[in-house]
Amino acid sequence: MIISKSDITRIEAYLWEIPKSFSPKMRVPARILASETLLDNIMEDRSLVQLVNVASLPGIQGASLVMPDVHEGYGFPIGGVAATVYPEGAISPGGIGYDINCGVRLLTSQQKITDIRDRLESLSKELYAQIPSGMGKGGQIKLSLQEIDEVLHNGAEWAVQKGYGVNDDLAFMESNGRLHNADASMVSEMAKKRGADQLGTIGSGNHFVEVDYVEEVFDETIAKSYGLSKNQVVVLIHTGSRGLGHQVATDYIRQIMAAMPTYDIEVPDRELACVPFNSQEGQNYFKAMGAAANYAWCNREIISWEVRRAWKNIFGPTIEPLKLMYDVAHNIAKIEEHSIEGKRIKVIVHRKGATRAFGPGFGELPEKYRNVGQPVIIPGSMGTCSYVLAGTDKSMQLTFGSCCHGAGRRLSRTAAKKQVNAPVLKEQLKEKGIFVEAGSFKGIAEEAPIAYKDVNRVVETVSDSGIAKKVVKLRPVAVVKG
DNA sequence: ATGTTC
């Protein structure tokens with residue numbers, strides 16, 4: 001299938017549509033949220049073919065959607081949103097991704113960048129020492145099978161109960177850091193084994209822990225509600241469910257592929273394997289996905305504990321403790337209620353490389369944030385900048401309450417490695433005042449800024465289109481990578 | 001993303 005510019009209609013300044021008539025398999029139109037330049041960029045890989053394929057999912061509602069940071073992924077594009085009707089619509093593990101509940105959190109300090117400028121090198125080394133990182137890397141905590149089941153059921157609460165977390169953090173996580181539909185008995189022994197020693201570890205790829213400061217405040221009122229102010233030092237953590245989530249995805253993609261003929265489902269790409277949500281296989285996957293999501297929240301809570309320890313080691317035991325601003329999931333499926341063509345209906349929202357961006361008034365939000373909307377945390381590429389935005393009513397109308405999740409890759413990992421001299425890049429970043437500590441130069445090369453789209457343009461698009469409001473811009477000063 | 005390949 002080839003998609004050319006003439007197949008795409010501009011329906012708003014930043015909204016494009018491939019109509020249903022494009023392919024007989026499509027059940028709904030396919031929509032792209034992008035500026036014209038970003039759209040040209042998006043057309044360089046198979047993202048739009050995948051977007052059109054997703055529009056053929058059984059029970060899909062409204063439109064199949066991609067955000068401006070989209071790039072191709074396993075079956076579904078990364079940066080995609082698909083809502084299917086509850087309870088009989090499709091659930092597809094490819095629409096969630098291999099790293100179940102990959103997500104980002106932001107911790108805030110009471111320090112200004114000028115207070116810590118001379119400590120950055122030792123801080124980055126201490127963070128690197130405290131936070132295990134890298135492929136397959138285990139951590140300090142070794143879980144028994146009994147304990148791992150507790151983590152899978154209780155999510156971030158487990159970390160708090162065991163003294164690896166902070167009780168006040170729980171209110172500041174999407175779903176309070178725990179999905180109640182989780183069922184550990186739906187997670188394979190193999191997955192549990194892989195997860196037994198990986199709590200408190202970031203992994204590799206684009207995962208990181210980063211120290212930033214607030215460089216610019218766009219919206220004083222919202223920034224104040226979120227506890228953010230100019231020049232304030234903050235910490236961004238980006239990671240997910242590690243080997244455990246990956247194994248859950250692998251196990252269920254295989255099972256669901258095998259079950260598809262039973263339900264008479266045909267999809268244009270085998271990687272879109274799906275079953276009805278209310279089928280046995282669909283329910284089992286959803287319970288296992290919830291368990292893996294809980295593992296990821298627990299993981300980010302324990303990494304925060306490691307960051308807090310590093311903070312005390314560098315700044316002394318009396319330093320004001322780091323607070324959790326918010327924690328978002330960007331690879332997950334949720335049952336939510338949305339308005340489609342004027343009707344309120346329950347849908348299964350698949351967000352893969354997309355952040356929930358609920359607007360003001362949403363009951364799950366902590367009271368401090370309820371009137372201004374959900375915090376949306378957008379990490380940029382290494383050494384560029386990141387953003388905090390706020391969800392809006394427009395996102396509820398246009399994108400099932402969703403927004404982008406990052407800058408979005410524009411070069412494959414292999415292409416990036418060919419073009420980037422990692423030791424040189426590390427030196428260049430140091431000259432710019434950014435200390436990078438990484439386990440491998442390979443990781444640095446793959447994550448070089450050149451491998452990513454310009455996060456400023458991506459954020460401009462979501463902000464100008466109205467699906468999220470810019471709150472603050474963050475500038476990195478120290479990065480720990482796998 | 002991932003003990004980098006069902």
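Note on naming: letters A, B, ... go to the chains in the order of the sequence lines (proteins, then strands), and numbering restarts at 1 for each one. A quick note: this is a predicted structure, and the numbers were derived from the prediction, not measured.
Taking atom CD on A/E271 and atom P on B/dC6, their separation rounds to 11 Å, with Å as the unit. To the nearest angstrom, C1' of B/dT2 lies 14 Å from CD of A/E447. Taking atom OH of A/Y98 as the reference point, atom C1' of B/dT5 lies 10 Å away to the nearest angstrom. We find that CD1 of A/I100 is positioned 12 Å from C1' of B/dT2, with the value rounded to whole Å. Counting to the nearest Å, the P atom of B/dT2 and the NZ atom of A/K352 are 15 Å from each other. The separation between A/K193 atom NZ and B/dT2 atom C1' is 17 Å, rounded to whole Å.
In terms of the side-chain contact (heavy atoms from CB on, under 4.5 Å) criterion, residue partners of A/S144 (sequence neighbours excluded) are, by chain and number, A/Q146, A/E147. Residues satisfying the side-chain contact (heavy atoms from CB on, under 4.5 Å) test with A/S465, not counting sequence neighbours, are A/Y14, A/L33, A/I467. When the salt bridge (charged side-chain N to carboxylate O under 4.0 Å, His left out) test is applied to A/K323, no partner is found at least two apart in sequence or on another chain.
A salt bridge links A/E446 with A/K442: the distance from a Lys NZ or Arg NE/NH1/NH2 to an Asp or Glu carboxylate oxygen falls below 4.0 Å. A salt bridge is defined here as a Lys NZ or Arg NE, NH1 or NH2 lying under 4.0 Å from an Asp or Glu carboxylate O, and A/K334 with A/E174 meets this definition.
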Name every donor-acceptor pair, under 3.5 Å, that has one atom in a side chain of residues 268-278 of chain A and the other anywhere in the protein, sequence neighbours excluded.
from, atom 1, to, atom 2, distance (Å)
A/D269, OD1, A/E271, N, 2.9
A/E271, OE1, A/G75, N, 2.7

Under 3.5 Å, which donor-acceptor pairs do the side chains of residues 254-264 of chain A form with other protein atoms, sequence neighbours left out?
from, atom 1, to, atom 2, distance (Å)
A/T262, OG1, A/A259, O, 2.9
A/Y263, OH, A/E281, OE1, 2.5

Distance-only donor-acceptor pairs under 3.5 Å for side chains of residues 418-430 of chain A, two or more places apart:
from, atom 1, to, atom 2, distance (Å)
A/N421, OD1, A/V424, N, 3.4
A/K430, NZ, A/E121, OE2, 3.4

Result block: side-chain N/O donor-acceptor pairs under 3.5 angstrom for residues 378-385 of chain A, not counting sequence neighbours:
from, atom 1, to, atom 2, distance (Å)
A/S381, OG, A/T384, OG1, 3.2
A/T384, OG1, A/S381, N, 3.2
A/T384, OG1, A/S381, O, 2.7

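Within residues 293-307 of chain A, no residue has a heavy atom under 4.0 Å from DNA chain B. The stretch residues 234-257 of chain A touches DNA chain B through A/R242, A/G243, A/H246, A/Q247, A/R254, each having a heavy atom within less than 4.0 Å of the strand. Listed in residue order, the members of residues 134-143 of chain A having a heavy atom less than 4.0 Å from DNA chain B are A/M135, A/G136.
Using a 4.0 Å heavy-atom distance criterion, A/E72 is classed as making no nucleic acid contact. Among the protein residues, A/Q198 comes within range of the sugar-phosphate backbone only, with heavy atoms under 4.0 Å from sugar or phosphate atoms but none that close to a base. Among the protein residues, A/G97 comes within range of no part of the nucleic acid, since none of its heavy atoms lies under 4.0 Å from any strand.
For residues 57-71 of chain A, the side-chain hydrogen bond (donor to acceptor under 3.5 Å, both in side chains) pairs, not counting sequence neighbours, are A/D69-A/H405. Sorted by first then second residue, the side-chain hydrogen bond (donor to acceptor under 3.5 Å, both in side chains) pairs that include residues 235-251 of chain A, not counting sequence neighbours, are A/D99-A/S241, A/S188-A/D251, A/R194-A/Q247, A/T201-A/R242, A/H207-A/T239, A/H238-A/H330, A/Q247-A/D251.
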